[in-house]
K.L.:
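Before I ask anything, let me first share the structure, which is written out below as structure tokens.
We're numbering straight along the sequence, starting at 1. All figures in this text were calculated on a predicted structure; none of them were measured in a lab.
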Amino acid sequence: MRHLHQPVRANNESAPATALDPELSGELFGSLRRSGQRLKAEQYVRGLLALEGRKTLRGIAAQFEGAAAQQSVHHFISASPWEWMPVRHALARRVQRTLAPQAWVIRPILIPKAGSHSVGIDQQLLPLGRTVNGQRAVGAWLASGHCAVPVDWQLRLSARWLADPLRQRASVPADAAVATIEDCVRAAVANVQQIGGVLRGPVVVDVAEVDAVAVARFLASIGVAFVVRTGPQTQLWLDRTELPGYSGRERTAGELAESLPRLRRQVNPGDGPTTAVAIPVVTSPSRGDRMLLLGEWCPAGRPRRRLWLTNADAPSVLTALRLTRLPRVVVRDFTAISDSVGVRDFGGRSFPGWHRHITLASVAHLIATLESRGPAARDCRTDG
């Protein structure tokens with residue numbers, strides 16, 4: 001097991017005082033080879049920040065001058081051959097330096113849509129058996145207790161989007177594969193691990209649809225500290241090297257959390273006292289994957305019990321519990337900022353267009369975060 005280390009604090013570099021000043025624009029869009037592309041990227045982000053209501057390509061184009069603006073904006077987003085991943089990497093490095101994130105948080109989003117033409121649209125089956133027409137995506141966020149910024153996005157594609165004529169019409173790349181939400185989680189984690197100058201972990205996965213054990217094993221295999229939300233029906237075994245006096249039979253996570261009251265203790269992760277338990281477990285008697293099952297009984301007004309798998313050491317349990325609060329920050333900032341800058345608003349058929357739009361919307365999210373906090377954004381740090 002490993003410690004869930006706190007990140008290295010950001011340096012004293014100041015956050016930009018105004019949206020997309022030349023220094024920030026140059027840093028984020030430096031990978032775009034032509035000056036015209038860099039100008040269009042800056043204009044597009046300004047449009048996302050300025051436009052009221054839904055951020056359509058037509059509405060954003062109306063912010064620009066010239067009769068050909070709409071065609072130009074459509075081409076820049078849907079057909080221009082610029083790569084979005086270098087922009088995401090630059091965004092992550094900027095967040096790392098100015099906002100001192102504590103962890104990566106992986107969470108899914110639903111993008112309801114009318115009709116059937118937007119790329120990736122399907123009847124989406126949600127955890128409680130409800131179906132919604134729309135897109136499903138998974139975001140990777142750099143988050144602290146103060147703020148969260150999205151960096152990477154994975155769009156789930158069903159088999160019908162990988163067959164012509166939809167594949168060709170949407171410009172879905174040849175190496176794209178049918179994806180589950182769990183596949184998207186793995187891809188998001190793999191992508192952010194490749195970004196230089198940014199923390200590799202901890203990684204907090206808060207996704208109801210995934211096999212928590214499989215995801216935890218994947219994260220352990222790449223050597224990052226993690227906290228993965230799990231359900232009460234997950235099958236686990238007590239680690240009898242740590243608890244030799246207990247039965248080694250298979251039990252559910254819910255049963256284990258309730259059956260060892262002597263291991264419970266009162267802790268305060270920073271938002272009030274709570275009762276928690278950390279139980280040494282293995283995910284399979286033959287594999288020997290050793291982890292901790294974290295159980296938490298929350299005060300009134302919150303979900304009664306939450307369960308997580310982690311590879312934290314026992315002394316780091318309090319740190320792990322603090323990390324479980326970060327998805328709440330992501331939910332808050334998604335609602336307050338991401339939706340307002342158009343993260344879910346792309347209505348085109350182009351797969352590259354979806355990725356370019358959501359990348360620039362993530363840039364707009366960062367700028368809105370910095371501007372809403374004013375001078376405080378220059379020192380948006382954790383206290384731990």
Side-chain angles (χ1 to χ4, degrees), residues 1-6 102-103 105-106 145 201-208 210-221 223-328 382-384:
M1 296 186 186
R2 48 190 291 141
H3 290 285
L4 298 171
H5 296 292
Q6 296 290 333
Q102 294 172 268
V105 175
I106 312 296
V203 174
V204 182
V205 179
D206 185 16
V207 184
V210 302
D211 180 338
V213 169
V215 170
R217 286 173 176 166
F218 164 70
L219 294 169
S221 74
V224 298
F226 63 81
V227 182
V228 178
R229 176 183 165 191
T230 191
Q233 299 306 313
T234 299
Q235 300 295 310
L236 298 168
W237 287 259
L238 285 175
D239 183 353
R240 299 187 69 193
T241 63
E242 298 288 337
L243 297 171
Y246 289 84
S247 168
R249 68 179 177 87
E250 182 183 34
R251 285 187 278 183
T252 68
E255 289 172 340
L256 287 173
E258 297 290 348
S259 65
L260 297 168
R262 74 174 184 85
L263 297 182
R264 297 179 192 175
R265 58 191 178 105
Q266 291 290 315
V267 295
N268 189 342
D271 56 353
T274 187
T275 302
V277 65
I279 302 171
V281 296
V282 294
T283 62
S284 166
S286 59
R287 291 176 58 99
D289 297 311
R290 300 174 61 193
M291 302 178 190
L292 288 179
L293 171 65
L294 295 183
E296 179 184 6
W297 290 263
C298 301
R302 299 181 189 170
R304 178 177 174 271
R305 186 185 62 197
R306 303 193 303 165
L307 300 169
W308 304 80
L309 290 173
T310 180
N311 59 348
D313 293 326
S316 301
V317 167
L318 187 57
T319 299
L321 284 173
R322 287 173 178 154
L323 293 177
T324 69
R325 274 57 181 164
L326 297 183
R328 300 178 193 169
T382 59
D383 298 323

K.L.:
I want to check something: taking the side chain as every heavy atom from C-beta on, are L236 and T283 in contact at a cut-off of under 4.5 Å?
P.N.:
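Yes. Closest side-chain heavy atoms under 4.5 Å.
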K.L.:
State which residues pass side-chain contact (heavy atoms from CB on, under 4.5 Å) with A276; sequence neighbours excluded, sorted by chain then number.
P.N.:
V267, L321
K.L.:
For Q266, give me all partners under side chain to side chain donor-acceptor pair (under 3.5 Å), at least two apart in sequence or on another chain.
P.N.:
T275
K.L.:
Using the side-chain contact (heavy atoms from CB on, under 4.5 Å) criterion, which residues pair with N268? Sequence neighbours excluded.
P.N.:
P273
K.L.:
On a heavy-atom basis, which atom in L260 and which in V277 lie closest, and how many Å separate them?
P.N.:
O-CG2, 4.1 Å
K.L.:
What's the shortest heavy-atom distance between T274 and P269, and which atoms?
P.N.:
CG2-CD, 3.8 Å
K.L.:
Measure across T252 and P232 and return the closest heavy-atom pair with its distance rounded to 0.1 Å.
P.N.:
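Distance-wise, the nearest heavy atoms are CB-O, 3.1 Å.
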K.L.:
Go through the structure and list residues passing side chain to side chain donor-acceptor pair (under 3.5 Å) with S221, not counting sequence neighbours.
P.N.:
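With sequence neighbours excluded, S221 shows a side chain to side chain donor-acceptor pair (under 3.5 Å) to no residue whatsoever.
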K.L.:
Salt bridge (Lys or Arg N to Asp or Glu O under 4.0 Å) with R217: which residues, sequence neighbours excluded?
P.N.:
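With sequence neighbours excluded, R217 shows a salt bridge (Lys or Arg N to Asp or Glu O under 4.0 Å) to D289, given in chain and number order.
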K.L.:
Residues two or more places apart in sequence or in another chain: which of them pass side-chain contact (heavy atoms from CB on, under 4.5 Å) with P285?
P.N.:
W237
K.L.:
Taking side-chain contact (heavy atoms from CB on, under 4.5 Å) as the definition, give me every residue that meets it alongside E258, ordered by chain and number, with sequence neighbours left out.
P.N.:
R264, W297, R304, R305
K.L.:
Considering only heavy atoms from C-beta outward, does the side chain of V204 approach that of W308 to under 4.5 Å?
P.N.:
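Yes - at least one pair of side-chain heavy atoms lies under 4.5 Å apart.
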K.L.:
State which residues pass salt bridge (Lys or Arg N to Asp or Glu O under 4.0 Å) with R265; sequence neighbours excluded, sorted by chain then number.
P.N.:
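Checked R265 against salt bridge (Lys or Arg N to Asp or Glu O under 4.0 Å); zero matches.
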K.L.:
What pairs with E242 under salt bridge (Lys or Arg N to Asp or Glu O under 4.0 Å), at least two apart in sequence or on another chain?
P.N.:
R290
K.L.:
Going from OG1 on T234 to CG on L293, what distance comes out if it is rounded to the nearest 0.5 angstrom?
P.N.:
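The distance works out to 8.5 Å.
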